Each structure stands twice: as structure tokens, then as C-alpha cells.
Amino acid sequence: QMCIRDRYQRRVRGYCQMEKFKPNRKQFIHGGRLIYEWDQGLDEVNIYIQPPPGVSAKHIDCKITSTRLTLGLKGNPPFINEEFSQQIKVNESFWTMEDGELHITLQKMLKGTTWESCMKGHGALNPLEQEEDKKLLMLQRFQEEHPGFDFSGATFSGAAPDARTFLGGIS
């Protein structure tokens, strides 16, 4: 099992390599209030939450299972208690507080899959957003498989192939 420092360093290295293909954050709004933002890469989903003023990491109660996120303040009912839209790898998933923002990193169980939503029932991406995410994941896969090339200016004509299964799939 990786320690949190190693997982964080791996995530930072991955972001540096994939900065050219930075995903756009999607918002989940409920009752007119922003609950969280999320994005996805080739092998992870990131959730971003703005905690109330004065809340630090020691106040956070976060439980991540392969199918569910339970999140709240210690001693209170959970703020979020929802199922993920797909399964994750628990031992490679973690949370941190960065610049006053709660950041949850979920390792996808199936690398290269495009998640239509972060949590079940939390508004699926529209077809245009799904296609943009598929293109992003495909470019990230190309960059990972061919690090000596620069795919930052690459585009797709028509629909992007599925990053998980294209040309024999992901190893």
C-alpha cells in the first residue's frame, strides 16, 4: 500500500506530464448551491469541494470505499453520502486539503473509462461534454504511451475512439 506522500507525489508528476491536456471541471449544483466540482483523467477522477470558512483537515471525516464516498465534518451527519458512478481502487484513492480546498483523488478501477458522472444520480454529462472527455482521455493515453511526442496540438476529426479499447486497449 502506497503512503499518502507517495500517492501525492505520483499525482503531481502525472499532472506535470498531462498539464497540456488539463480537464475542465464540471459542477454539481443542488438546490442552487455548488456542492462540488469534478474532473477526470485517464486513470483518476478528482473531486473538489470548498469547505466552510475555518474548516481544516482535522475537522474532516472522509470515508472512501470502492463504491461510495461519505464526507462530512466530524461529529455531524455526512454532507455527502453517495455512490460513485463506477468502482474505484480504494488503496490508491485519497484526500488532501490544498489552499483551503478539499481535493479527493479517486483511482479508476478501469483505466481509460469515461465516467458520465462522478456520483450516481448527479447529472450525467451531456453528449458534447462526454465527447470532449473522450478526446481528452485519448490524448492522455497517446501522451502516456509515447512520451517523446507532443500531442498538445492534436485534434480528432469526428468522434474520438474509446481510450480503454482503441488499438488493443490499455495494458
Side-chain angles (χ1 to χ4, degrees), residues 1-28 35-51 57-58 60-72 78-125 129-147 151 160-171:
Q1 184 176 7
M2 299 171 108
C3 74
I4 289 179
R5 186 190 78 240
D6 292 340
R7 287 184 280 186
Y8 181 76
Q9 288 173 343
R10 186 198 69 202
R11 188 182 81 205
V12 169
R13 278 193 308 275
Y15 277 156
C16 291
Q17 293 170 354
M18 299 300 175
E19 187 64 30
K20 301 171 196 166
F21 310 111
K22 190 173 182 179
N24 293 321
R25 289 187 184 188
K26 292 104 176 138
Q27 295 184 334
F28 175 67
I35 305 300
Y36 62 83
E37 294 180 301
W38 72 283
D39 63 31
Q40 63 182 311
L42 191 60
D43 56 2
E44 63 188 31
V45 171
N46 298 288
I47 302 171
Y48 310 92
I49 299 172
Q50 200 63 47
K58 66 182 178 183
I60 302 293
D61 184 14
C62 183
K63 292 179 183 69
I64 301 171
T65 70
S66 63
T67 59
R68 177 174 293 275
L69 173 66
T70 306
L71 175 69
F79 171 66
I80 295 175
N81 187 8
E82 301 290 337
E83 280 188 72
F84 300 123
S85 64
Q86 297 190 33
Q87 284 195 330
I88 62 146
K89 297 177 183 176
V90 177
N91 291 338
E92 296 179 35
S93 300
F94 59 97
W95 66 273
T96 59
M97 287 284 283
E98 299 174 22
D99 300 323
E101 181 176 64
L102 179 63
H103 182 178
I104 302 167
T105 300
L106 307 171
Q107 192 72 24
K108 292 179 177 179
M109 183 67 74
L110 298 173
K111 182 176 180 177
T113 56
T114 304
W115 285 27
E116 293 183 14
S117 67
C118 182
M119 312 271 184
K120 288 184 178 177
H122 283 203
L125 299 175
E129 290 172 318
Q130 287 180 33
E131 186 60 27
E132 289 302 312
D133 275 8
K134 280 178 63 179
K135 288 177 182 179
L136 175 75
L137 297 184
M138 198 67 227
L139 289 172
Q140 287 180 353
R141 177 180 160 192
F142 286 158
Q143 190 66 58
E144 183 179 274
E145 291 175 355
H146 307 284
F151 293 97
D162 185 313
R164 177 147 185 82
T165 59
F166 182 68
L167 290 176
I170 293 175
S171 54

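Everything quoted here is computed from the prediction, not taken from an experiment. Just so it is clear, the values below take in all heavy atoms, side chains as well, and ignore hydrogens, waters and symmetry mates.
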Seminar exercise, completed: Rounded to the nearest 0.5 angstrom, the CG-SG distance for L125 and C118 is 10.0 Å

For this session: Name all residues meeting the ring-ring contact (aromatic ring centres under 6.0 Å, His included) criterion together with F79; count only those two or more places apart in sequence or in a different chain, and write none if there are none.
Result: none

Problem set entry | NE2-CE distance between H103 and M97, expressed to the nearest 0.5 angstrom | 12.5 Å

For this session: Quick one: closest heavy-atom pair of Q86 and T114, and the distance?
Result: NE2-O, 3.7 Å

Problem set entry | Nearest non-hydrogen partners of P51 and G100, listed with the distance | CD-O, 3.2 Å

Problem set entry | Flag side-chain contact, heavy atom, 4.5 Å: Y36 against M119 | yes

Exercise. Tell me, do L69 and I47 make a side-chain contact under 4.5 Å, heavy atoms counted?
Worked result: yes

Exercise. Considering only heavy atoms from C-beta outward, does the side chain of F84 approach that of K120 to under 4.5 Å?
Worked result: no

For this session: If the plane angle is over 60° it's perpendicular, under 30° parallel, otherwise tilted; pick one for F151 and F142.
Result: tilted

Exercise. Distance from Q87 atom CD to M109 atom CE, nearest 0.5 Å?
Worked result: 5.0 Å

Exercise. Is the shortest heavy-atom distance from the side chain of L137 to the side chain of Q140 under 4.5 Å?
Worked result: yes

Exercise. Would a distance-only check, ignoring hydrogens and angles, find a side-chain to backbone donor-acceptor pair under 3.5 Å from S93 to Q107?
Worked result: yes

Exercise. Does V45 reach the side chain of I88, with side-chain heavy atoms less than 4.5 Å apart?
Worked result: no

Problem set entry | Counterpart residues, side-chain hydrogen bond (donor to acceptor under 3.5 Å, both in side chains), relative to T165 (two or more places apart) | none

Problem set entry | Non-hydrogen atoms of G112 and A163 that approach each other most closely | O-CB, 3.9 Å

For this session: Could you tell me the separation between the CG atom of L139 and the CG atom of L42, rounded to the nearest 0.5 Å?
Result: 10.5 Å

Seminar exercise, completed: Residues at least two apart in sequence or cross-chain that pass side-chain hydrogen bond (donor to acceptor under 3.5 Å, both in side chains) with R25, listed by chain then number, are E37, E101

Seminar exercise, completed: Looking only at heavy atoms, the pair that brings A124 and S117 closest together is CA-CB, 4.1 Å

For this session: Without swapping roles, check the side chain of Q40 against the backbone of W115 for a donor-acceptor pair under 3.5 Å.
Result: yes

Problem set entry | Closest heavy-atom pair and its distance - L71, I49 | CD2-CD1, 3.2 Å

For this session: Could you check if a side-chain atom of E132 sits within less than 4.5 angstrom of a side-chain atom of N24, using non-hydrogen atoms only?
Result: no

Problem set entry | E131 side-chain N/O to A160 backbone N/O, donor-acceptor pair under 3.5 Å | yes

For this session: Using a 4.5 Å cut-off on heavy atoms from C-beta on, say whether the side chain of M138 contacts that of P161.
Result: yes

Exercise. Roughly how far apart are R164 CZ and R141 CZ, rounded to 0.5 Å?
Worked result: 10.0 Å

Exercise. Looking only at atom types and distance, does a side-chain atom of K108 sit under 3.5 Å from a main-chain N or O of G41, one as donor and one as acceptor?
Worked result: yes

Exercise. What distance do F94 atom CZ and I64 atom CD1 have between them, rounded to the nearest 0.5 Å?
Worked result: 9.0 Å

